Structure formats: C-alpha cells, structure tokens
Amino acid sequence: MKLVIGIVRPEKANDVLESLYRNNIRGLSLSRVQGHGGETERVETYRGTTVKVGLEDKVRFEIAVSEDFLDQTIDSIVEGGRTGEVGDGKIFVVPLERAVRIRTGEADQLAVTPIDGAQ
Ligand SMILES: Nc1ncnc2c1ncn2[C@@H]1O[C@H](COP(=O)(O)OP(=O)(O)OP(=O)(O)O)[C@@H](O)[C@H]1O
Ligand SMILES: [Mg+2]
C-alpha cells in the first residue's frame, strides 16, 4: 500500500477531485496548506538586495491506495492539477504500513479498496 500526497493549486482542487472520481478513486482527505516551491522574489532593502521567500496557498490531498490503484491515482492528480505554469505542485508517494476501516475492523488491502455499494 502507498500513501499518495498531492499538493496542488487551490483552484485546481475540484478538477483533481473530478479526475479521481472518474478513475474510481473514492477515499481521500484534503487540507489547506501553505508551501514554498522554490520561487523567490528579490526585495530592495536599505543596505542591498535580499530574497523574500513567499508562502503560497495550496491544497494537499492524501490518498491511501493499494498498489493496483497507484498509477491511476498519480495520473488523476497530474491530469486534474496541471496548468503548465510554474507552481503546479508535487506528488509524493510514501510506503503505507497499515490501514484499518473502523466500521468493520477490516485491515490493509480491504480497508483501502472501495467496497461495492458501500462507497
Ligand atoms: N520538496 C518539497 N517538499 C515538500 N513540499 C514541496 C516541495 N516542493 C514543493 N512542495 C509543495 O508544493 C507546492 C508547489 O510547489 P511547486 O509547484 O512550486 O514545485 P516546483 O518543484 O517548484 O515545481 P515548478 O517548477 O512547477 O514550480 C509548494 O508550495 C509546496 O507546498
Ligand atoms: Mg516552484
């Protein structure tokens, strides 16, 4: 299992959601974060030039998937999140040790794979 973390532009969050839904990825968490993607701004100060490191609003998706769903999860985020401009975001894939569905106690593959009729 993997935890896919996708950091995207807030204005692309809905496109990512639609793209994930079309590709049958149903379980996810989303939060608003602030991040820095390397872009800096030169600022003139009294004794010279300094660099201002700005933070931008981003949306962070967290999606736990079995290996079978990994590629389509990544593809969905790229497809929904891309504008082609600097700052489109990043995807990180992290090994996931354990997942538990609280209602049933099901673990791991059974907990991250959608169940028909109970999505
Ligand atoms: N190395 C990193 N670790 C953690 N978060 C990151 C990292 N790089 C980028 N991010 C997150 O992704 C957001 C968007 O980053 P950004 O798209 O600018 O990445 P980039 O690698 O600079 O790509 P680009 O060249 O398209 O700007 C950042 O605001 C930050 O939240
Ligand atoms: Mg950047």
Side-chain angles (χ1 to χ4, degrees):
M1 294 177 297
K2 304 284 190 218
L3 182 64
V4 180
I5 300 169
I7 301 173
V8 303
R9 299 177 189 276
E11 59 270 30
K12 296 298 277 178
N14 268 326
D15 290 345
V16 172
L17 278 172
E18 280 175 22
S19 180
L20 287 164
Y21 191 84
R22 270 200 307 276
N23 284 312
N24 297 313
I25 312 296
R26 298 295 151 86
L28 59 88
S29 299
L30 187 156
S31 51
R32 291 177 184 281
V33 296
Q34 290 200 310
H36 173 63
E39 290 79 28
T40 52
E41 192 188 329
R42 290 193 169 280
V43 186
E44 302 300 327
T45 57
Y46 172 59
R47 286 177 186 275
T49 306
T50 57
V51 168
K52 185 180 165 197
V53 176
L55 291 173
E56 293 179 328
D57 290 336
K58 298 286 170 186
V59 165
R60 173 187 162 116
F61 285 83
E62 284 173 273
I63 309 167
V65 293
S66 53
E67 306 288 334
D68 290 350
F69 285 82
L70 181 60
D71 288 342
Q72 63 210 72
T73 302
I74 294 168
D75 292 348
S76 305
I77 300 171
V78 170
E79 200 181 288
R82 177 181 281 154
T83 68
E85 301 295 318
V86 159
D88 272 353
K90 284 258 172 71
I91 298 173
F92 305 111
V93 178
V94 187
L96 181 64
E97 273 188 23
R98 199 157 176 199
V100 176
R101 177 174 284 117
I102 293 174
R103 175 174 58 88
T104 58
E106 288 166 303
D108 301 340
Q109 309 293 334
L110 289 174
V112 293
T113 304
I115 301 172
D116 279 339
Q119 296 167 17

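One-based numbering, in listed order, for ligands and for the atoms of each. These numbers were taken from a predicted model, which means no experiment stands behind them.
Shown here for Ser76 and Asn23, the closest heavy-atom pair between the two residues is OG-ND2, 2.8 Å. Of all the heavy atoms in Glu97 and Asp108, the pair that sits closest is O-OD1, 4.0 Å. In terms of heavy-atom proximity, Gly54 sits nearest to His36 at O-ND1, 3.3 Å.
Here Gly37 meets the criterion, with an N, O or S atom under 2.8 Å of the Mg ion (ligand 2).
Looking at Glu39 and the Mg ion (ligand 2) together, the shortest N, O or S contact belongs to OE2.
Here Glu67 pairs with Lys2 under the salt bridge (charged side-chain N to carboxylate O under 4.0 Å, His left out) rule; sequence neighbours left out. Every salt bridge (charged side-chain N to carboxylate O under 4.0 Å, His left out) that Asp88 has, sequence neighbours left out, goes to Arg9.
Sorted by chain and number, the heavy-atom contacts of ligand 1 below 4.0 Å come from Ile7, Gly35, His36, Gly37, Glu39, Lys58, Val86, Gly87, Asp88, Gly89, Lys90, Phe92.
Proximity of a side-chain donor or acceptor of Arg60 to a complementary backbone N or O of Arg32 within less than 3.5 Å is not detected.
The hydrophobic cluster containing Val59 also includes Val4, Val8, Val16, Leu17, Leu20, Ile25, Leu28, Leu30, Phe61, Ile63, Val65, Phe69, Leu70, Ile74, Ile77, Val78, Ile91, Val93, under a criterion of side-chain heavy atoms closer than 4.5 Å among ILVMFWY residues, counted directly or through chains of members.
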